[in-house]
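Note sheet for the following structure.
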Amino acid sequence: MDSKVRVRFAPSPTGGLHLGGVRTVLFNYLFAKHHGGEFILRIEDTDQTRFVAGAEQYIIDTLNWCGLTPDESPLHGGAYGPYRQSERKAIYTQYAQTLIEKGFAYYAFDTPQDLEEKRKQVPNFQYSRAHRMEMKNSISLSESEVSELLKKNTPHVIRIKIPDEEEVVFTDIIRGEVRFDVSTVDDKVLLKADGMPTYHLAVVVDDYLMKITHAFRGEEWLPSAPVHILLWKYLFGLDKMPKWAHLPLILKPEGSGKLSKRDGERLGFPVFAMDWSDPTTKETTVGFKEKGFLPEAFINFLAMLGWNDGSDKEIFTIEELIAAFDLERVHKGGAKFDYEKAKWFNQEWIKKTDNKILADLLQPFFDQEKIEIHERSYLIKVIGLVKDRCHLLTDFITQSSFFFTAPATIDTAAILPKWEEKKHAFFTALAQSFQEMSGKPLAADLEANFKTLAAAHEIKPGDLLLPLRIMLVGSKFGPGVFDIIEAIEIPDTIKRIEHSLQLLSGK
RNA sequence: GGAGCGUUCGACUAAGGGUUAGGUCACCUCCCUUUCACGGAGGUAAUACGGGUUCGAAUCCCGUACGCUCUACCA
């Protein structure tokens, strides 16, 4: 790189940040950090009708949770601000004027109604060379008419004048050479009637002013790339233009098409990074964070969706990702989102994460379930016992709640079919013998005691283990029975046995 | 309709002229575990189609099909 790498993520603050958005951020971030460059957050809030309060803060919070904090943003300042496009209005006007003066853009006075009508009349209408002269603009109208309209403050937009015949060719880092015959593209609006720029003008101007060296965005932008390239040529020169990369899309798991919020609701998985509540509808959409994902796992999973380092390695820390990332190894085709695989990544990361750190992360989940944790050290011990069987942080609740409170229900139905009087007698004796053990016996001693007693009662330990488990846990799952007893200790164990015995005899 | 982009197991992908087309998730079987998991060992399963080029093609070329994206004074 001849100059310092600068990349940007430029979302519009219209709602929650979904998978595709986060992955775009991630690839930007990885690329920047791999090259020792800077990552900028720019807020594209030029559409006042779609602005949603709180969305900008949400984006920043999400980036922080993911560990993808920008070097420059509306909040963290920087030398190229402001970082909100709504605050840069005057800048765009100036460049739009320049384009007009150079003859690369023109005023258009058509009202939205005019356009709607025209679209109805002309099938596949495009505001371009073919119909430009039939419309109301500074090319079709006489100079005096135009200045008259302008003088009267007639609402108008500024449109780019696409050349009649020109082939736009550029090299996309992921896709290679891409060519467009511009005769098929229309005269896009650059500056709206309210004076705000459209995306097309704003990206080009801001990327230039913010010295962006590499511009990455979703594949959905590819068809409008020629407009941007033309603008670069007219305004700043192609030699200043950033290198482009159009990222593949993240698709629905079933069928095809872009993954949407609806798919998540329908199929029962998150699509947004974090919980998002719409301020107007008050509707909350669940996020990966609240669903129980570790940010490391979320990032790891997203990185592997469309990229790999060429080896079989799948679990990467962010540092490893930064070191290994290479945009040229990004896939061209879209990737279907697979929630099962996402959970597998999370499970791997749970296994990898220190129990103390998990304890901190888990606390809010337990709080939410109103499960009281009296001792942190006890929580850490329990985490060690159950972490292997948890895919999500929320799994810890079901996997470990019985360590903190007696199970609400006992699955006696699973015990009853093979229940008999001599087993009842055994458990009564077991409670008794546990009572006689002093202090906090270890799992191995508890097991020895249990087996001796079973032998004395002439019952196979195997026939007794499952009922005992159910008495303690409530159902057929969890770590080793004697590990559980060691953890919850004798008094609680006896209480649970006795309680279950009552339930069993009181059928 | 037009333009652009894409297409390897069910999913994510490796293999950039020569491999029994590999790995991971999911699924199935077995082992471990007197539970559920974890772990271990196996298994099922793919180059969209048709033409070239070549001694040899998943890989290069052409066509076809299919899919997706865009086609707003939204991004």
Side-chain angles (χ1 to χ4, degrees), chain A residues 10-14 44-47 49-50 85 108 110-112 115-116 119 123-128 155-159 172 174-175 178-186 188-200 202-203 217-226 246 248-249 251-258 301 304-315 329 331-345 347-348 351 386-391 395 398-399 414 460-470 473 475-481 484:
Chain A
S12 49
T14 53
E44 307 221 338
D45 55 350
T46 55
D47 184 3
T49 62
R50 294 211 311 162
Q85 291 184 330
D110 319 273
T111 64
L115 292 170
E116 200 182 321
R119 288 195 181 101
N124 301 319
F125 169 77
Q126 279 205 308
Y127 206 119
S128 62
H156 62 272
V157 300
I158 293 178
R159 286 178 182 271
D172 183 286
I174 296 173
R175 283 149 220 288
V178 183
R179 327 177 76 94
F180 289 89
D181 176 359
V182 297
S183 64
T184 60
V185 343
D186 56 345
K188 294 283 181 214
V189 171
L190 263 20
L191 208 68
K192 300 184 255 186
D194 64 2
M196 280 291 190
T198 58
Y199 173 81
H200 307 296
V203 244
R217 70 225 304 196
E219 191 186 349
E220 68 267 28
W221 288 108
L222 205 40
S224 52
H246 290 86
L249 267 14
L251 277 14
K252 303 174 193 295
E254 299 292 336
S256 46
K258 258 204 293 191
F301 168 68
M304 302 310 289
L305 212 51
W307 174 86
N308 70 85
D309 75 343
S311 74
D312 288 340
K313 185 174 165 72
E314 288 194 279
I315 304 297
R329 285 198 64 90
H331 248 249
K332 294 180 177 71
K336 288 183 182 173
F337 172 67
D338 181 356
Y339 189 47
E340 292 306 317
K341 186 94 190 229
K343 285 197 289 191
W344 176 78
F345 274 97
Q347 182 184 26
E348 292 299 311
K351 283 194 273 189
V386 303
K387 72 191 291 190
D388 277 352
R389 57 199 74 211
C390 294
H391 289 78
D395 291 340
T398 47
Q399 288 296 332
K460 281 188 292 180
D463 293 340
L464 263 9
L465 235 24
L466 193 62
L468 179 54
R469 163 179 301 283
I470 295 171
V473 175
S475 156
K476 293 197 275 188
F477 70 96
V481 173
I484 296 173

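Letters A, B, ... are given to chains in the order of the sequence lines, protein chains preceding strands, and every chain is numbered from 1. No experiment lies behind these values; they were computed from the predicted model shown. Below, all heavy atoms of this structure are taken into account, side chains as well, without hydrogens, waters or symmetry copies.
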Nearest whole angstrom, please: distance from the P of B:rA37 to the CD of A:Q399.
10 Å

If you check every side-chain atom of A:K332, which of B:rU35, B:rG6, B:rA75 has the closest atom?
B:rG6

If you look at every strand shown and take non-hydrogen atoms under 4.0 Å, does A:G218 touch a base, only sugar-phosphate, or nothing?
nothing

Is B:rA3 paired to anything, Watson-Crick or G-U wobble with both distances less than 3.5 Å, and if yes, which nucleotide?
B:rU69

Give one of base, sugar-phosphate or nothing for A:R119, where a contact means two heavy atoms less than 4.0 Å apart.
sugar-phosphate

Could you check whether the side chain of A:K460 and the base of B:rU34 have a donor-acceptor pair of N or O atoms closer than 3.5 Å, going by distance alone?
no

When the C1' atoms of B:rG63 and B:rU7 are considered, how many whole Å apart are they?
16 Å

Assign A:V189 to base, sugar-phosphate, or nothing according to its heavy-atom contacts below 4.0 angstrom with the strands shown.
sugar-phosphate

Whole-Å gap separating P (B:rC27) and OH (A:Y339)
15 Å

Mind checking the C1' distance from B:rC27 to B:rG10? Whole angstroms is fine.
9 Å

pair A:H246-A:R217: side-chain heavy atoms closer than 4.5 Å:
yes

For A:K336 and B:rA26, give me the distance from atom NZ to atom C1', rounded to whole Å.
14 Å

Between B:rC30 and B:rC36, how far is it from one P atom to the other, in whole Å?
13 Å

C1' gap between B:rA3 and B:rC73, integer Å
22 Å

Please identify each residue that fulfils side chain to side chain contact (heavy atoms under 4.5 Å, CB included) with A:L249, with sequence neighbours left out.
A:E219, A:E220, A:L251, A:K258

Counting side-chain heavy atoms from C-beta on, which of B:rA15, B:rA75, B:rC73 comes nearest to A:R329?
B:rA15

To the nearest Å, how far apart are A:E116 CD and B:rC73 P?
11 Å

Output for pair (A:F477 CZ, A:R389 CZ), nearest 0.5 Å, gives 9.5 Å

Atom pairs, protein N/O to nucleotides 39-43 of chain B N/O, distance under 3.5 Å:
from, atom 1, to, atom 2, distance (Å)
B:rG39, OP1, A:K351, NZ, 2.7

Residue whose nearest RNA chain B nucleotide is more 5′ - A:W307 or A:F477:
A:W307

Whether the side chain of A:R389 and the base of B:rC36 hold a donor-acceptor pair under 3.5 Å is what I'd like checked.
yes

Span that lies between the P atom of B:rG43 and that of B:rU24, in whole angstrom
12 Å

Under 4.0 Å between a side-chain N or O of A:N308 and OP1 or OP2 of B:rU13?
no

Which of the following nucleotides, B:rU71, B:rU13, B:rC25, is nearest to the side chain of A:D186?
B:rU71

Rounded distance (Å) that lies between atom C1' of B:rA3 and atom CZ of A:F125:
17 Å

Nucleotide nearest A:F180 (side chain, heavy atoms from C-beta), chosen from B:rG4, B:rA75, B:rC12
B:rG4

Nearest to the side chain of A:V178 - B:rU35, B:rC5, B:rA11?
B:rC5

Report the base-pairing partner of B:rA41 (Watson-Crick or G-U wobble, both distances below 3.5 angstrom), or none.
B:rU29

Could you list the residues that satisfy side chain to side chain contact (heavy atoms under 4.5 Å, CB included) with A:K313, not counting sequence neighbours?
A:D309, A:S311, A:F316, A:E320

Across all chains, not counting sequence neighbours, the salt bridge (Lys or Arg N to Asp or Glu O under 4.0 Å) partners of A:D338 are none

Run the ring-ring contact (aromatic ring centres under 6.0 Å, His included) test against A:W221 and tell me which residues pass, sequence neighbours left out.
A:Y199

When you compare B:rU44 with B:rA26, how far apart are their C1' atoms, in angstrom units rounded to a whole number?
12 Å

Please report, rounded to the nearest Å, how far the P atom of B:rA37 is from the NZ atom of A:K343.
13 Å

N/O (side chain, A:H331) to phosphate O (OP1/OP2, B:rA14) under 4.0 Å
yes

A:D463 near the nucleic acid: base, sugar-phosphate alone, or nothing, with a heavy-atom cut-off under 4.0 Å?
nothing

Across the strands shown, which category fits A:P479 at heavy-atom distances under 4.0 angstrom: base, sugar-phosphate, nothing?
base

Does any nucleotide pair with B:rA48 by Watson-Crick or G-U wobble geometry, both distances under 3.5 Å, and what is it?
B:rU64

Do any side-chain nitrogens or oxygens of A:R469 fall under 4.0 Å of OP1 or OP2 in B:rC36?
no

For a quick test of reading the model, state the closest non-hydrogen atom pair linking A:I484 to A:P479 and the distance between them.
CD1-O, 3.5 Å

Who passes salt bridge (Lys or Arg N to Asp or Glu O under 4.0 Å) against A:D395, sequence neighbours left out?
none

Separation between CG of A:D47 and NZ of A:K192, rounded to the nearest 0.5 Å:
4.5 Å

Determine the interatomic distance between C1' on B:rC12 and the same-named atom on B:rA46; round to the nearest Å.
13 Å

Considering only nitrogen or oxygen atoms on both sides, find all protein atoms under 3.5 Å from nucleotides 66-70 of chain B and state each distance.
from, atom 1, to, atom 2, distance (Å)
B:rG67, O3', A:S256, OG, 3.1
B:rC68, OP1, A:S256, OG, 3.3
B:rU69, OP1, A:K258, N, 3.4
B:rU69, O2', A:E220, O, 3.4

Short N-O contact, A:K351 and A:E348, less than 4.0 angstrom
yes

What's the closest nucleotide to the A:K341 side chain, out of B:rC25, B:rC73, B:rA3?
B:rC25

Can you sort out the partners of A:F337 under ring-ring contact (aromatic ring centres under 6.0 Å, His included), two or more places apart, ordered by chain and number?
A:F269, A:F301

Mind checking if A:P461 touches a base, just sugar-phosphate, or nothing, with heavy atoms under 4.0 Å?
base

Could you check whether A:A193 gets within reach of a base, just the sugar-phosphate, or nothing at all, counting any heavy atom under 4.0 Å?
base

Can you tell me how far C1' of B:rC25 sits from CG of A:D312, to the nearest Å?
14 Å

Residues forming a ring-ring contact (aromatic ring centres under 6.0 Å, His included) with A:H391, sequence neighbours excluded
none

Looking at A:T46, does any N or O in its side chain come under 4.0 Å of the phosphate oxygens OP1/OP2 on B:rA75?
yes

Atom pair distance, as rounded to whole Å: CD1 in A:I315 and C1' in B:rG23:
13 Å

Sticking with atom C1', work out how far B:rC5 lies from B:rC9, rounded to a whole angstrom.
24 Å

Taking atom CD of A:Q85 and atom OG1 of A:T46, what is their separation to the nearest 0.5 Å?
5.5 Å

Which residue, A:G480 or A:R179, contacts RNA chain B at a nucleotide closer to its 5' end, judged by nearest heavy atom?
A:R179

Winner on side-chain proximity to A:R175, out of B:rC73, B:rC5, B:rA3, is B:rC5

